[in-house]
There are 2 protein chains.
Amino acid sequence: MKNTNEVINGLIVNMFNNLLVIEKNSLAATEHKDLTMTEWHVLEQIGLTRKTMTEVANQLKITVGTLTTTINRLVKKDYVTRNQAVDDRRFVYIELTRKGQLAFKEHELFHKNMVKSVVDKLDESDNEVLINSIDKLTQFFKQQYKDQIIP
Amino acid sequence: MKNTNEVINGLIVNMFNNLLVIEKNSLAATEHKDLTMTEWHVLEQIGLTRKTMTEVANQLKITVGTLTTTINRLVKKDYVTRNQAVDDRRFVYIELTRKGQLAFKEHELFHKNMVKSVVDKLDESDNEVLINSIDKLTQFFKQQYKDQIIP
DNA sequence: AATAATGCTTTGATACTCAAAGTATTATTT
DNA sequence: AAATAATACTTTGAGTATCAAAGCATTATT
């Protein structure tokens, strides 16, 4: 089955090379043209409930210091609010503004369309295989680098 | 099938957030610790035959100018050679040195292991579904942004 | 011979990233 | 209660990554 492996590997590499560019162009066609891809992904991780800096940084696998600078910009652009927690003032809560929520929903739509384009063309048992396969990939990662993965 | 879509989307996003970090750590464990991820991916695209600057830049979806600076560094680190084409001196051929080829094979190994971990656990018809699914994703990209995709 | 087109490099600017040092706050130890 | 440690975040310094636009050779077209 050497050939199968190579085909799958080629497709995965190709997919990864393309996805970011595609996503970027797709999102640039929305009203929120002032967002970089990093900023889009930060908005995606914050989601519709407030989060702490560390939570979001862990999910994105970046340092909190890096996130700080991105949040600075997102606050300036009015996509995010930043508030110190009242119960423990070491924590900072970041939360989407209304504008941020609108952007979030556009990003969500891109992903939904992407997945829909795949799933619609497969029958139910095929979907199970797909889920299973992606899950196997994730497990491959976890197995080799347990301590670095946030589940 | 709303739920299926959400599961698949979640897995994909998670996979993308993880992959680069995982790959980075895996490759940092090799002898070639002086390579950045961008540099690894350039080596991957050059492969075992010589390529022109434009070829590689197109595959990676970066500008030729960006590639120039990366190649500068890879030449300095002795992973790549750069030679003007004799038949048409506008072209520049880039090619892996022996050291570059060794690195290339290590990168290849990472990908092979990754795919193997998935494929080994699926039977033959499942593999077809997986290929089919990834292919659908690629088609989704192509369909919406035809002019930007290099096939 | 002049002009256009092509392939690459350079330049200037911004974004992204990390590690390490610094600040403020809370928890633990003595 | 005071000193120390731990935690959450920000700032700083430095290198990498990226692009658009301008520039340089070389080749193709007019």
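Protein chains get the first letters and strands the later ones, always in sequence-line order, with residue 1 at the start of each.
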Review point. Does B:Phe91 belong to the same Ile/Leu/Val/Met/Phe/Trp/Tyr cluster as B:Leu60, with side-chain heavy atoms less than 4.5 Å apart forming each link?
Key: no

**Study point:** Whole angstrom value for the distance that separates C1' of D:dA17 from CD1 of B:Ile71
**Key:** 14 Å

Exercise for review: Assess whether side chain to side chain contact (heavy atoms under 4.5 Å, CB included) is satisfied between B:Glu55 and B:Gln59, documenting all intermediate values.
Suggested key: CA-CA 6 Å; B:Glu55 276 180 305; B:Gln59 277 295 332; over 6 Å; no

Study note, to complete from the structure: Between NZ of A:Lys51 and C1' of D:dA8 the distance, given in whole Å, is 18 Å

Check your understanding: Within this structure, what is the CG-to-P distance between A:Leu35 and C:dA15, rounded to whole angstrom?
Key -> 12 Å

Check your understanding: Can you tell me if CZ on A:Arg50 sees more than 12 non-hydrogen neighbours from other groups inside 6.0 Å?
Key -> no

Check your understanding: Yes or no on side chain to side chain contact (heavy atoms under 4.5 Å, CB included) for A:Val80 and A:Leu96, after CA distance, side-chain angles and deciding distance?
Key -> CA-CA 4 Å; A:Val80 169; A:Leu96 299 186; 4.1 Å; yes

Point to revise | Spacing of B:Leu67 atom CG relative to C:dT10 atom P, expressed in whole Å | key: 13 Å

**Study point:** B:Thr97 side-chain N/O to B:Tyr79 backbone N/O, donor-acceptor pair under 3.5 Å
**Key:** yes

Review point. In residues 75-97 of chain B, which ones come under 4.0 Å of DNA chain C, going by heavy atoms?
Key: B:Arg82, B:Arg90, B:Phe91, B:Val92

Check your understanding: Is the backbone of B:Arg89 close enough, under 3.5 Å, to the side chain of B:Gln84 for a donor and an acceptor to pair up by distance?
Key -> yes

Practice item. Quick one: sort the A:His32 and A:Trp40 rings into parallel, tilted or perpendicular, breaks at 30° and 60°. Key: perpendicular

Practice item. Please state how far atom CD in A:Glu55 lies from atom P in D:dT7, giving the value in whole angstrom units. Key: 16 Å

Point to revise | Qualifying residues under side-chain hydrogen bond (donor to acceptor under 3.5 Å, both in side chains), relative to A:Lys105, sequence neighbours excluded | key: none

Practice item. Encode nucleotides 16-22 of chain C as B, S and - characters from 5' to 3', where the letter depends on protein heavy atoms closer than 4.0 Å: B to the base, S only to sugar-phosphate, - to neither. Key: SBB----

Point to revise | Between C1' of D:dT16 and CG of B:Leu74, the distance in whole Å | key: 12 Å

